[in-house]
2 protein chains.
Amino acid sequence: METTRAAELRAAGLRVTRPRLSVLKVLAERPHADADAIVTGARALHPSLSSQAVYGILRALVSAGLARRIEPAGAPALFELRVGDNHHHLVCRSCGAVADVDCAVGAAPCLEPSDAAGFVVDEAEVVFWGLCLECQGRDHPVAAAEESVQIPQHATRGGVHA
Amino acid sequence: METTRAAELRAAGLRVTRPRLSVLKVLAERPHADADAIVTGARALHPSLSSQAVYGILRALVSAGLARRIEPAGAPALFELRVGDNHHHLVCRSCGAVADVDCAVGAAPCLEPSDAAGFVVDEAEVVFWGLCLECQGRDHPVAAAEESVQIPQHATRGGVHA
DNA sequence: GTGTTCTTTTGAACCAGTCAAATCAAGGAC
DNA sequence: GTCCTTGATTTGACTGGTTCAAAAGAACAC
């Protein structure tokens with residue numbers, strides 16, 4: 001298993017080091033971890049690891065195409081290994097939990113902007129905001145989105161819009 | 001005109017103050033301004049204005065529903081007065097320019113996640129990444145998305161995906 | 001006008017992330 | 001296997017965007 005990760009690094013033109021293997025292992029175990037969680041997790045495997053090293057490693061992985069960085073508004077950046085497929089994210093307004101979603105329509109027509117204003121678009125990024133199963137129960141079940149929200153984002157009333 | 005803005009503030013249950021009117025005026029003149037630009041602009045109208053006051057005002061406006069905060073990955077937050085309609089944003093990877101887009105489809109089916117994983121979704125936020133007209137010319141016209149990019153985001157090769 | 005309450009000011013602090021120099025290790029050449 | 005070059009990590013300081021807290025000030029209901 002570690003051989004696989006080492007091969008991935010090598011294939012991407014990156015040297016195989018213990019810090020990098022540790023970070024990859026943490027990312028495989030918990031997708032959508034933030035830098036801090038990755039530092040903590042990777043230190044279990046390589047105690048001397050500094051947080052700056054993790055930032056460097058994450059940057060190397062992202063620019064090599066081995067990892068993807070997502071930045072939900074109001075939260076620190078998250079990292080995931082699932083890269084190269086067309087998936088988006090569900091984010092819980094209350095606890096920040098993140099789940100992957102595939103878009104229902106492949107190359108969806110609604111994701112070609114109606115008027116691109118001269119822009120050449122190369123990516124459409126979608127974030128679905130809501131409440132995860134757990135927070136629906138914890139907060140009051142109706143109008144739960146009004147509850148104590150850590151992520152500073154104006155909650156649109158009245159259903160999903162596009 | 002200022003009467004209108006004052007009325008909007010009052011209607012939202014906020015006191016009418018010169019700092020707030022100044023910030024609203026700046027937001028009306030330049031949509032998608034960041035906090036720093038708003039401070040600079042508002043100081044032209046109210047020189048003693050502190051940046052902390054602007055942060056406070058912006059927060060009040062957003063939570064009152066008079067303004068909307070958007071946070072493109074890797075850039076400071078932007079603010080706009082256009083609220084309550086279903087619009088999204090085009091962001092230039094090179095210069096950070098932002099343009100509004102209405103989605104082609106109203107309550108688009110593709111924006112209902114294929115599998116919501118138990119989440120109750122109340123908003124779908126779409127960001128289209130690309131190059132604005134100006135940066136297409138400045139950078140090399142083909143594969144321009146590979147150019148010196150300030151916003152740390154992995155550029156997906158091969159067209160818009162969903 | 002007066003007083004209460006909300007705003008702004010002032011000044012400090014916080015956090016995620018970055019930078020730069022020095023040390024260290026991976027892995028190709030021998 | 002050892003040496004050397006280049007790239008990776010460590011160490012420590014620092015930045016930019018944003019938030020917090022206490023004190024001073026201004027709106028506006030009465």
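It should be emphasised that the depicted structure is a prediction, and the values quoted were computed from it without experimental measurement. Order of the sequence lines sets the chain letters (A, B, ...), proteins ahead of strands, with each chain counted from 1.
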What residues 31-42 of chain A contributes to the DNA chain D interface at heavy-atom separation below 4.0 Å is none
Would you say a side-chain N or O of [X] is under 4.0 Å from OP1 or OP2 of [N]?
X	N	value
B/Arg59	D/dC20	yes
A/Ser48	D/dT10	yes
B/Tyr55	D/dT18	yes

Nucleotide by nucleotide, nucleotides 25-30 of chain C touches protein heavy atoms under 4.0 Å in the pattern (B base, S sugar-phosphate only, - none) BBS---
Checklist entry - Checking all strands, does A/Ala77 fall into the base, sugar-phosphate, or nothing category for heavy-atom contacts under 4.0 angstrom? => result sugar-phosphate
Touch class at under 4.0 angstrom, heavy-atom based, for B/Ser51 against every strand present = nothing
Nearest heavy-atom contact between B/Ala42 and B/Val26 is N-CG2, 3.4 Å
Base C/dG11 paired with B/Gln52 side chain (donor-acceptor, <3.5 Å): yes
Residues 34-46 of chain A vs side-chain hydrogen bond (donor to acceptor under 3.5 Å, both in side chains), sequence neighbours excluded, gives A/His46-A/Ser48
Could you state the [atom1]-[atom2] distance from [X] to [N], rounded to the nearest angstrom?
X	N	atom1	atom2	value
B/Ile57	D/dA26	CD1	P	15 Å
B/Arg20	D/dG25	CZ	C1'	14 Å
A/His46	C/dC24	NE2	C1'	11 Å

So ring-ring contact (aromatic ring centres under 6.0 Å, His included) across residues 14-37 of chain A, not counting sequence neighbours, yields A/His32-A/His89
Can you name the atoms? Protein N/O to nucleotides 21-23 of chain C N/O, anything below 3.5 Å, with the distance.
none

As a check of understanding: the bend across the helix from C/dG1-D/dC30 to C/dC30-D/dG1, end axes from five pairs, rounded to 10 degrees, works out to 30°
- Message: Assigning hydrophobic clusters by single linkage (Ile, Leu, Val, Met, Phe, Trp, Tyr; side-chain heavy-atom cutoff under 4.5 Å), is B/Tyr55 placed with B/Leu24?
- Response: no
Next on the checklist: Looking only at the side chains, is there a donor atom on one of A/His87 and A/Glu80 sitting less than 3.5 Å from an acceptor on the other?
Outcome noted: yes
Of the candidates C/dT7, C/dT18, D/dT10, the side chain of A/Ala53 sits closest to D/dT10
